[in-house]
**Student:** 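Take this structure first; my questions come after.
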Amino acid sequence: MFLAWQEKVFHTQLFLFEKSRFFASVISILSIYMKAINLPGLDKKWQSKWAKAKIYQTKDLSDKPKFYVLDMFPYPSGSAMHVGHCKGYIASDVVARMKMMQGYNVLHPMGWDAFGLPAENFAIKNKIHPAKAVAQNISKFKKQLELIGFTYDWAREINTTDPDYYKWTQWQFKKMFEAGLIRSIMDPVNYCPSCKTVLANEDVEDGKCERCSTLVQRKPIREWEILITKYAQRLLNDLDKLVGWEDSIKEMQRNWIGKSEGAEITFKIQPKGEIKIFTTRLDTIFGCTYCVVAPEHPIIQELKENISNDQEIQGYIEASKQKTDLERTDLAKEKTGVEIKGIKAVNPFNNQEVSVFVGDYVLGHYGTGAIMAVPAHDQRDFEFAQKHNLEIKEVIKNSNGETVLPFVLDGVLINSQEFSNLTSEQARTKMVELAVKKGFGQKTINYKMRDWVFARQRYWGEPIPLVYCQHCADAIKSGNYQKDQYSQGEINNPGWIAVPDKDLPIKLPNVKSYQPSGDGQSPLASIAKFVNTKCPKCKGKAIRETNTMPQWAGSCWYYLRYIDPKNKKSFVDINKEKYWSPVDLYIGGAEHATRHLLYARFWHKFLKDSQLVNYDEPFKRLQHVGLILGQDGQKMSKRWGNVIDPDDVVKQYGADALRVYEMFMGPFGDSIAWNTQGLVGAKRFLEKVVSIKGKTGAVADSKELVKMLHQTIDKISKDIQDFKFNTAISQLMIFANEAEKQEKITENTVLTFAKLLAPFAPHLAEEIWQEKRKGKFVSIFQEAWPKADPDILVDDEVDLIVQINGKVREIIKVDANISKDQALELVMQRETTKKWIGEGKPRNIIFVPKKLINIVF
RNA sequence: GCCGAAGUGGCGGAAUUGGCAUACGCGCACGACUCAAAAUCGUGUGAGCUUACGCUCGUGAGGGUUCAACUCCCUCCUUCGGCACCA
């Protein structure tokens, strides 16, 4: 078909030829004939050739240096990929291709994160089984990816829903359980009434479900929690090691972990008991005029009989339970609270008795769930005190004397007995010392990050490999068991027993109804055959855990599986892991900064502690992808009808044009609107390259062109490394423009240029390369990346900017090594200089070698 | 409220160890080719003034440092992202 089309063009031109205008027609025929490359037609041709020659197959181990480049793997949802999804994949492919040519053993894998709500909701909506839906979606996604011409080693493809894969997710979970890092809870947790499941703190945005925007409720449900907070300090400290991460992402993690240093102080309660409060402002403690406890605080139930207004208190607690998270944390809302009558708290620093309130602006899960209130120096306490007519006692003065309450900054202490006149900082140190000495307090660190609520009451996830055995529960609770009979996890969670390794994977059973039940149980709970089992310890009756793992489980370690995807004995061979880890470059969306990226770092640290991997951080360098918005500037989504399908683009313009355009749009991390005109520009550039290909035949190139070629080699190599793809392509365009102006150029220059173009436009580059080669197929990607010759890059002549009083007046060509005096002499003779200086006498001469001379008079 | 990133032509953007502002691309205008259109090629394209050579102004606003500021400092404004009753 391709040939037929060419022929037609040729005949049309012949007809014109007869009509006269000989020379014009000859040129026209030649140029059209040379340009007659159908760009989209190249895609299939080379993709199948590459696949046949297996040029992307990665060796497990090699003497070559390794380079592991990873994309955040997609979840194959119902809607196909749009051009925005491809952007990150194209970037990783560009880097992978350059690294291949630079002689690295490159690992560039792809797989599917297929468990979780998106896949399950799609399945429910379309009334097909999730497993079937996932299989369909994967094949659709894979086809889309293949059209674009990526270097994936498909032999390493993984799928988190494959039992051979999730066997190891379960196995690792079990390791964590045995290590005592997992506990069963029955606390109020985030619950989405629409998805009918519990959500992790990370899955809640503005009090709404991250997936469906339904208002999240708080509901007590039996749950599993991974004690990620035990790793909080290490997760925070090791951020400093991650020099290849973008600061913005690291900062997000810091915010999320939310470390704050302060003190925990014990207040005795009259008539009995005590509460602990957490404060970062111990220096203000003499200004404490009351205390507030969270509605969940145990003291309220403990001192029930001492509380004279118990009914009122219980009423308040009930009311606050009814509130959604959003209502409760609404900043604009007035702070409510009720005084707990009949009890008082005693400030250990001055033995003053103060009232105790219950108020839901104090959070049960943070710190100790109780605070000392210092209305003079805290905004919230100030508002609360004003409303309830409570004493406001000033204890911190601004150093300049002027202080408007509430004054929340550090200052100098007043009205604080022996601590008066100290600065806030000094006071905090001295006060902690005193508290420790007298035994009523200590230094404490708190984190905003909460433990990871890990189970979901849904069908489509990894089954949790635990069973419940009442017999073992009784034994553990009564202490009636042998040493080493139970693991730490089993002792911590009496009755919960881990399934033995030989029984893994616990396969997700096929069910007819996989819809969420909404009764706090997963659909698995209704399958008697699945639920009823034997206790692996005592062989008695036991029932299986029917909750499943959350979406994030499988993605916590997938990058390790690519290294050794077929291993039956272990999730990864430790020697292979040593060679390939850590991931050298990880590309994905910034929306994962506080979820996947934090979970995976935690998970990896646990594996390191268990001596199952070699390094304590999984990802050396991280680059976030900026969104591609719709042409209208809105987020690309079916809802707005602004989705651009890569398949259409590839069909019409070819994969190379899509790749070049997406890399050229702008800075890689920025969100930029799609513009089809820009795509046309990319295509024009590629056509220009085709026409340059036809210009070979020169014996030698001009010195200028050679120099420009070497500058281009230098710039492209650096820019790809630095993720500045847009300027790399701009440089390719600059070179192409220059080359096109030449009558003829050497074949060597064309081939070198093809190599530089290859990471971005692999199909066209291969076409150019192979056209000039004969014999056995060796891909351009098996050839060496060009090196810039430093001698050629050196300038012997430069443009010198001539400034008079700081304004540019002239640009002259001079010898690159011209001295200041020589330059001055030269410039002073010039008409332009004479004109501007006139009678003036130069007062100052600034000379920057190879750049400029500035004459100040 | 706190933290972070950013603000440059009609548009996407380039240039930050301070040294030609607007590279490259899109769009637009004019011209060539064409019966014509598209495609392609060529020229031009920040604003103002000027017959012209040129000159002045110009990187969100205002100030400052400097021979020289998109780049550094100060005070604001705006947009985006994250965190947020976290004591």
Side-chain angles (χ1 to χ4, degrees), chain A residues 21 24 28 31-32 35 205-206 246-260 262 277-282 284 292 294 328-335 359-363 365-374 377-381 383-384 408 446-450 590-591 593-594 624 660-661 664-667 669-682 684-685 687-688 691 724 726-734 736-737 740 799-811 842-848 850-857:
Chain A
R21 293 183 185 255
S28 175
S31 70
I32 288 178
K35 278 180 197 172
E205 270 174 15
D206 288 335
E246 291 161 289
D247 289 336
S248 58
I249 306 276
K250 289 202 270 188
E251 200 53 35
M252 281 188 216
Q253 292 210 350
R254 273 190 204 104
N255 281 340
W256 186 263
I257 295 167
K259 179 182 180 173
S260 66
I277 62 100
F278 174 72
T279 179
T280 54
R281 290 298 304 275
L282 189 55
T284 65
V292 188
R328 201 174 149 178
T329 57
D330 184 3
L331 271 165
K333 185 202 72 168
E334 260 189 47
K335 282 146 195 49
D360 64 10
Y361 78 93
V362 174
L363 306 174
H365 57 76
Y366 183 77
T368 58
I371 61 154
M372 66 167 189
V374 184
H377 305 292
D378 181 281
Q379 185 66 42
R380 293 153 303 180
D381 297 342
E383 285 169 29
F384 191 86
V408 298
N446 267 310
Y447 301 93
K448 285 188 214 169
M449 184 170 72
R450 317 229 317 241
E591 71 273 18
T594 52
H624 86 273
V660 167
Y661 172 57
F664 183 60
M665 289 177 91
D670 287 9
S671 294
I672 301 164
W674 179 266
N675 176 6
T676 300
Q677 280 306 324
L679 181 67
V680 172
R684 281 185 201 147
F685 162 65
E687 280 163 353
K688 188 175 282 183
S691 96
K724 290 156 89 175
N726 55 334
T727 52
I729 289 172
S730 142
Q731 181 63 33
L732 289 172
M733 288 170 168
I734 291 169
N737 290 343
E740 226 214 355
D799 288 334
L800 188 75
I801 297 158
V802 181
Q803 291 187 343
I804 314 284
N805 279 350
K807 296 210 184 221
V808 180
R809 295 304 177 189
E810 202 178 7
I811 296 164
R843 282 191 293 121
N844 193 7
I845 310 292
I846 289 109
F847 178 71
V848 182
K850 296 180 189 187
K851 278 230 171 92
L852 97 171
I853 183 162
N854 184 8
I855 299 165
V856 186
F857 74 95

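Side chains included, hydrogens not; waters and symmetry mates left out as well; all remaining heavy atoms used. The chains referred to below are lettered A, B, ... by the order of the sequence lines, with proteins before strands, and numbering in each begins at 1.
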**Student:** Can you give me the N/O atom pairs linking the protein to nucleotides 25-29 of chain B at distances under 3.5 Å, or say none if there are none?
**Tutor:**
from: B:rG25; atom 1: OP1; to: A:Asn737; atom 2: ND2; distance (Å): 3.2
from: B:rC26; atom 1: OP1; to: A:Arg684; atom 2: NH1; distance (Å): 2.7
from: B:rC26; atom 1: O3'; to: A:Gln677; atom 2: OE1; distance (Å): 3.3
from: B:rG27; atom 1: OP1; to: A:Gln677; atom 2: OE1; distance (Å): 2.3
from: B:rG27; atom 1: OP2; to: A:Arg684; atom 2: NH1; distance (Å): 3.4

**Student:** Relative to the ring of A:Phe278, is the ring of A:Tyr366 parallel (under 30°), tilted (30 to 60°) or perpendicular (over 60°)?
**Tutor:**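 Perpendicular: the ring planes of A:Tyr366 and A:Phe278 meet at over 60°.
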
**Student:** Could you pull out all residues at least two apart from A:Tyr447 that satisfy ring-ring contact (aromatic ring centres under 6.0 Å, His included)?
**Tutor:**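 Not a single residue meets the ring-ring contact (aromatic ring centres under 6.0 Å, His included) criterion with A:Tyr447.
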
**Student:** How long is the line joining CD1 of A:Ile855 and C1' of B:rG19, in whole Å?
**Tutor:**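 After rounding, the reported distance stands at 15 Å.
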
**Student:** Taking atom C1' of B:rG82 as reference, at what distance in whole Å does atom NZ of A:Lys250 sit?
**Tutor:**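 After rounding, the gap between these two atoms is 16 Å.
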
**Student:** Whole angstrom is fine here: how far is it from CD1 in A:Ile371 over to C1' in B:rA87?
**Tutor:**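 In whole Å, B:rA87 C1' lies 6 Å from A:Ile371 CD1.
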
**Student:** Are A:Lys688 and A:Asn737 linked by a side-chain donor-acceptor pair shorter than 3.5 Å?
**Tutor:**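 A:Lys688 vs A:Asn737: donor-acceptor pair found between side chains.
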
**Student:** Taking the side chain of A:Gln803 as its heavy atoms from C-beta onward, which of B:rA87, B:rG19, B:rG4 lies nearest to it?
**Tutor:**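 The closest nucleotide is B:rG19.
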
**Student:** Distance only, no hydrogens: is a donor on one side chain within 3.5 Å (strictly under) of an acceptor on the other, for A:Glu740 and A:Ser691?
**Tutor:**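 Distance-only check passes for A:Glu740 and A:Ser691.
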
**Student:** Roughly how many Å is it from CD1 in A:Ile729 to C1' in B:rC24, rounded to a whole number?
**Tutor:**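 Whole-Å distance recorded here is 10 Å.
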
**Student:** Send over the distance from A:Lys335 NZ to B:rA87 C1', rounded to a whole Å.
**Tutor:**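 Rounded to the whole Å, the gap is 12 Å.
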
**Student:** Please pick, from B:rG82, B:rG13, B:rC20, the nucleotide with the shortest atom-to-atom distance to any side-chain atom of A:Asp799.
**Tutor:**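 The answer is B:rC20.
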
**Student:** Which nucleotide sits closest to the side chain of A:Ser248: B:rG4, B:rC20, B:rG13?
**Tutor:**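 The answer is B:rG4, which lies nearest to the side chain.
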
**Student:** With the threshold set at 4.0 Å, does a side-chain nitrogen-carboxylate oxygen contact exist between A:Glu687 and A:Arg684?
**Tutor:**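 Answer for the salt bridge query: no.
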
**Student:** Nearest whole angstrom, please: distance from the C1' of B:rG1 to the CG of A:Asp378.
**Tutor:**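 Rounding to the nearest Å, CG of A:Asp378 and C1' of B:rG1 are 12 Å apart.
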
